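Notes to accompany the following structure.
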Amino acid sequence: MKTYRPGLRTEILLSLTLLLAVAMTLTSFVILRITERNLLRYKTDDGMAVVRKIQAAVENTTKHAGRVSLGLLKERLGEGISWMSNSGLYAEIVVVGTDGSAWVGKERPTWRNEYAESQIAGVIRTGKPGTKMNSERTLLTITAPIFDDEQCIAAAIVPVRIDAVTQGLSRSRRLIWFYTGLNMLVLVVFGNYLLSRIVVRPIKRLVRMSDDFEGTDPFFMMAKIDRNEITHLTAALNRMLKRLANNKERLEADIRSLETANLELKQAREEVIRSEKLFSLGRLAAGVAHEVGNPIGAILGYTNLLADHVADNAEARDYLRRVEKEVTRIDTIIRDLLDFSRPSPSESAPVDVNALVMENTAFLARQSLVASVKIETQLEEDAGMVWADANQLEQVLINLMLNACDAMDEGGSLTIAARRISPDPEGAGSDKEFIEVSVSDTGRGIAVTEINKIFDPFYTTKPPGKGTGLGLAISLRIIEAFGGRIRVESAEGKGSTFTVELPVWKQNHDTK
Ligand SMILES: Nc1ncnc2c1ncn2[C@@H]1O[C@H](COP(=O)(O)OP(=O)(O)OP(=O)(O)O)[C@@H](O)[C@H]1O
Ligand SMILES: [Mg+2]
């Protein structure tokens, strides 16, 4: 179950309102008590003044009469007291003798109850005045002894009216409650506004910005310039974001360099595997070529000799011609193998790439075998020269073009393009310029699973006798020897593009 958690603003406001209510209640309670005490003291003083007047009247009477004449005393007191009682400030004032009989005033006034009785007796006995308030808080009764010659002869009971005081106080109390309520209302309304402005809105803004932060762009929170805790918080958050951004950048850089290292490692591994393969194959090929080459030379020599002997036998001549053809094929394979294992020393010189392409495409176009193929060239003017052996480069080009034509049994188009690319597309810090020659066909393409194998020696999909599978292996070896490389892109059923990249040769340039 979800429990309700008040927001920051509600919590602060509630606490403040509560504090204010407590403080105001306490203060008003103390003030009311003090006021009440003071007012009661004034009223007591009023009562005591009446008592003093009675005492003075007693003393006057005894001074003139010499001894207390109760009748005269009662008469004199009666005059003064009835006047005071009529002022409205007092209730029925009574003077009670030591025997309990009323000298002046009613014998049984409204306030005279049992408690008053015992109080009167106490005052007469002790000779000390006392005060008492009734339960309705309308009368404050002062009971004081009256002396004659230091002897208590009576008690004066002066009930001072305090209903006006009580009413005034309760009015004040109501007023205080009203103002406390009003204060709380004002605090809630203004406090709400101020808290929103100073605390809640800036915090909400921070929360919104933090939520929006996706970690992609450098991001900083805006803070107002007033130097309060929220500004400090914003600054701290900004510092944290900056650190996060830095860490992220470092992490990304690390990941990038790891990826590059991984890729290089993979390439290096493939390179090593290929070189090992080529090395062992080269040794085998060299051995076989050597062992088989001599007997083949001898067979060819003998077929030539034999040809003279069967000049008039057509059938035998035909057989001999066939033998010669097959042996020549073996010889070609042996020679290819030798080429592959021991590439013939190259005679490098500057080669004009455009001229080389033109020459070879013209040669290919003349071949009837490729009549169904449309040959096209796209040569960038002045593509440039490369430093290579023209014959070997030609061998590469012809192999690529023948492979393309072989892949287009039912016709298609072959495009040979040459252009200069600069700088090094790998961007590996080199400013070397390259010439790119691409051979594209619209043939059957190469399956994804096979594409990694096509540069392997003896990998061929052609029927026996049509291809040895050495063409691409030799081409790769030649191009790498000239500091270039071969790339292939292919889509099965749509065609392939073989791209050769070779460094540009410039006059007065170090020929490496
Ligand atoms: N343009 C191309 N389109 C489709 N497949 C190709 C293409 N070029 C090469 N291949 C595939 O690569 C294989 C190897 O080619 P590679 O030139 O090394 O040998 P080959 O052409 O089979 O024989 P050869 O030694 O006579 O050149 C081919 O048999 C063919 O399957
Ligand atoms: Mg080939």
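First listed ligand is number 1; within each ligand, the first listed atom is number 1. Bear in mind that the values here come from a model prediction, so they are computed numbers and not experimental data. The residues of the chain are indexed from 1 along the displayed sequence.
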(Q) Give the atom numbers and elements of ligand 1 that come within less than 4.0 Å of a heavy atom of Gly467. (A) 23 (O), 26 (O)
Q) Roughly how far, to the nearest 0.5 Å, is CG of Leu306 from CD of Glu324? A) 11.0 Å
Q) What protein heavy atom sits nearest atom 1 (N) of ligand 1, and how far off is it? A) Asp441 OD2, 2.9 Å
Q: Name the closest protein heavy atom to atom 29 (O) of ligand 1, giving the residue it belongs to and the distance to 0.1 Å.
A: Thr461 N, 2.9 Å
Q) Any non-hydrogen atom of Arg444 lying under 4.0 Å from ligand 1? A) no
Q | Atom indices of ligand 1 within 4.0 angstrom of Leu470 heavy atoms, with elements | A | 25 (O)
Q | Residues Arg335 and Asp331 bridged, charged N to O under 4.0 Å | A | yes
Q: State whether the shortest distance between N or O atoms of Asn399 and N or O atoms of ligand 1 falls below 3.5 angstrom.
A: yes
Q: Begin with the C-alpha distance, continue with both residues' side-chain angles, and end with the deciding distance and a verdict on side chain to side chain donor-acceptor pair (under 3.5 Å) for Asn38 and Lys43.
A: CA-CA 9 Å; Asn38 286 339; Lys43 289 291 171 189; over 6 Å; no
Q | Protein contact of atom 8 (N) of ligand 1 - nearest heavy atom, named by residue and atom, plus distance | A | Asn403 CB, 3.3 Å
Q) Heavy-atom count around Lys494 NZ within 6.0 Å, excluding the residue itself: above 12? A) no
Q.
Is a donor from one side chain sitting under 3.5 angstrom from an acceptor on the other, for Asn247 and Arg250?
A. yes
Q: Consider every N or O of Ile446 and every N or O of ligand 1, then say whether any pair is closer than 3.5 Å.
A: no
Q.
Hydrogens and angles aside, do Asn313 and Glu315 bring a side-chain donor and acceptor to less than 3.5 Å of each other?
A. no
Q. Under 2.8 Å from the Mg ion (ligand 2), which protein N/O/S atoms are there?
A. Asn399 OD1, Asn403 OD1
Q) Does Phe498 have a heavy atom less than 4.0 Å from any atom of ligand 1? A) yes
Q: Among all protein heavy atoms, pick the one closest to atom 16 (P) of ligand 1 and tell me residue, atom and distance.
A: Leu472 N, 3.6 Å
Q | Donor-acceptor pair, side chain of Thr415 and main chain of Glu376, under 3.5 angstrom | A | no
Q: Just jot down the ligand 1 atoms closer than 4.0 angstrom to any heavy atom of Ser496, in number order.
A: 3 (N)
Q.
Is a donor from one side chain sitting under 3.5 angstrom from an acceptor on the other, for Thr234 and Asn238?
A. no
Q. Within the structure, does Gly469 bring an N/O atom to less than 3.5 angstrom of an N/O atom in ligand 1?
A. yes
Q: Using heavy-atom distances, let me know which of Thr468, Val439, Val488 sits nearest atom 25 (O) of ligand 1.
A: Thr468
**Q.** Top protein contact for atom 14 (C) of ligand 1, by heavy-atom distance
**A.** Tyr459 O, 3.2 Å
Q: Measure the distance from atom 11 (C) of ligand 1 to every protein heavy atom, then report the residue, atom name and distance (to 0.1 Å) of the closest one.
A: Ile454 CG2, 4.1 Å
Q.
I'd like to know whether Ser438 forms a side chain to side chain donor-acceptor pair (under 3.5 Å) with Thr499, so could you lay out the CA-CA distance, the side-chain angles of the two residues, the decisive distance to 0.1 Å, and finally the verdict.
A. CA-CA 4 Å; Ser438 61; Thr499 311; 5.2 Å; no
Q) When you look at CE of Met24, are more than 12 heavy atoms from neighbouring residues, nucleotides or ligands closer to it than 6.0 Å? A) yes
Q: Below 4.0 angstrom from a heavy atom of Ala404, which ligand 1 atoms are there? Numbered from 1 as shown, please.
A: 1 (N)
Q: Flag yes if more than 12 heavy atoms outside Arg137 fall under 6.0 Å of its CZ atom; otherwise flag no.
A: no
**Q.** Closest to atom 3 (N) of ligand 1 (judged by heavy-atom distance), picking from Ser475, Gly443, Ala407, Gly495
**A.** Ala407
Q) How far is atom 22 (O) of ligand 1 from its nearest protein heavy atom, and which residue and atom name does that atom have? A) Thr460 OG1, 2.6 Å
Q: Using a strict 4.0 Å threshold on nitrogen-to-oxygen distance, state whether Glu492 and Arg444 make a salt bridge.
A: no
Q | Protein heavy atom at shortest distance from atom 20 (P) of ligand 1 | A | Lys462 NZ, 3.5 Å
